[in-house]
Amino acid sequence: MRFDNRPIGVFDSGIGGLTVTRLIRQQIPGENILYIGDTAHLPYGDKPVPELMWLARRLMDFLAEHQAKVIVAACNTSSSVSIDLLRDRYSVPIIGVVKPGVRAAVRASRNRRIGVLATEATARSSAYRREILALEGNAMVWEVACPGLVPVVEAGRMEDPEVRKLISSYLQVPLENQADTIILGCTHYPYLRPVIEEVTGGEPNIIDPAVETVNELKQTLDHLQGYANRDTGSARFFATGPIDSFINVGSRFYGNDLREIENVDI
Ligand code: DGL
């Protein structure tokens with residue numbers, strides 16, 4: 001049996017990828033994790049595709065230089081617009097979040113009506129629609145761009161009354177159309193899950209792609225015989241810009257490990 005003690009790399013624009021990282025730590029605690037949040041360029045959702053590709057490559061270079069054995073693009077925006085290009089350019093296996101989220105949603109939906117809450121760039125790319133239709137040709141899909149939600153999460157203002165109003169307006173069309181499944185198509189949105197569930201009244205399935213993403217990560221490590229041979233790994237966190245939300249908001253979700261975050265210029 002082979003093993004690989006190099007770290008798993010994870011990237012996002014900010015604290016969104018922590019929603020995936022927390023699950024990796026819970027499910028495969030022996031692994032070391034290297035996390036980078038590109039807070040100098042947050043939010044990603046309103047940026048044009050060429051810029052998003054350039055941003056993703058810097059993060060990939062950083063994680064590859066740090067010997068990541070597999071990289072999780074824990075950002076729907078990057079996954080939607082750049083994953084094919086990244087897979088062409090880098091030899092390290094890359095796990096995105098869109099396909100796993102779609103698999104989970106298609107499995108959960110009974111009426112094949114699926115809503116996707118996402119950033120503007122993700123919604124514009126139609127990546128979710130494409131992947132859903134590839135698995136379920138008869139599905140109806142509403143991809144809703146949700147400007148404003150990422151800054152709200154980064155600022156830790158999840159409980160503001162305005163946020164509830166914003167979320168109600170974003171969910172209106174999918175809910176009016178009886179969508180029975182809503183995908184949280186941005187890794188920041190699980191922070192808003194309590195408000196989203198309040199607005200939906202617990203009716204539709206709420207899909208956090210993190211769950212299936214971590215399943216795919218485990219399958220990849222199985223396939224590569226790439227698990228670490230230790231019981232307890234560690235996590236290192238880097239940010240390219242401000243670290244306040246990592247410490248204040250991220251640690252509410254993730255726990256105290258985040259106090260050790262390092263600033264990095266890439
Ligand atoms: N958390 C990211 C995503 O899943 C990025 C959001 C942003 O920076 O706009 O899309």
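Order of listing sets the numbers, starting from 1, for every ligand and every atom in it.
- Using a 4.5 Å heavy-atom threshold, the side chains of Asp12 and Leu59 count as separate.
- At least one heavy atom of Cys75 lies less than 4.0 angstrom from ligand 1.
- The residues Glu198 and Arg193 are annotated as not salt-bridged, no charged nitrogen and carboxylate oxygen being separated by less than 4.0 angstrom.
- Atoms of ligand 1 found under 4.0 Å from any heavy atom of Thr77, numbered from 1 in the order shown, are 3 (C), 5 (C), 10 (O).
- For atom 7 (C) of ligand 1, the nearest non-hydrogen atom of the protein is Tyr44 N, 3.2 Å.
- Those atoms of ligand 1 with a heavy atom of Thr119 less than 4.0 angstrom away are 6 (C), 9 (O), 10 (O).
- Contact of the Phe238 side chain with the Asn263 side chain is not registered, since no non-hydrogen atoms from C-beta on lie closer than 4.5 Å.
- The closest side-chain heavy-atom distance from Arg58 to His41 is below 4.5 Å.
- Nearest non-hydrogen protein atom to atom 6 (C) of ligand 1 is Val150 CG2, 3.6 Å.
- Tested against Ile114, the residues Ile183, Ile182, Ile207 include a single side chain to side chain contact (heavy atoms under 4.5 Å, CB included) partner, Ile183.
- Taking the six-membered ring where tryptophan is involved, the planes of Tyr35 and Phe237 are tilted, since the angle between them lies from 30° to 60°.
- Contact annotation: for Asn76 versus ligand 1, heavy atoms closer than 4.0 Å belong to both the backbone and the side chain.
- Of all the atoms in ligand 1, the ones that sit under 4.0 Å from a non-hydrogen atom of Asp12 are 1 (N), 2 (C), 5 (C).
- Inter-residue side-chain proximity for Leu135 and Val102 is flagged as met; some heavy-atom pair is nearer than 4.5 Å.
- Nearest protein heavy-atom contact of atom 9 (O) of ligand 1 is Gly45 N, 2.8 Å.
- Checking only distances, Thr122 never comes within under 3.5 Å of ligand 1, N or O to N or O.
- Those atoms of ligand 1 that come under 4.0 Å of a heavy atom in Cys186, given as number and element, are 1 (N), 2 (C), 3 (C), 4 (O), 6 (C), 10 (O).
- Contacts with ligand 1 closer than 4.0 Å are made by side-chain heavy atoms of Ser13 only, the backbone lying farther away.
- When ring centroids are compared, Phe11 and Phe62 stay outside the 6.0 Å threshold.
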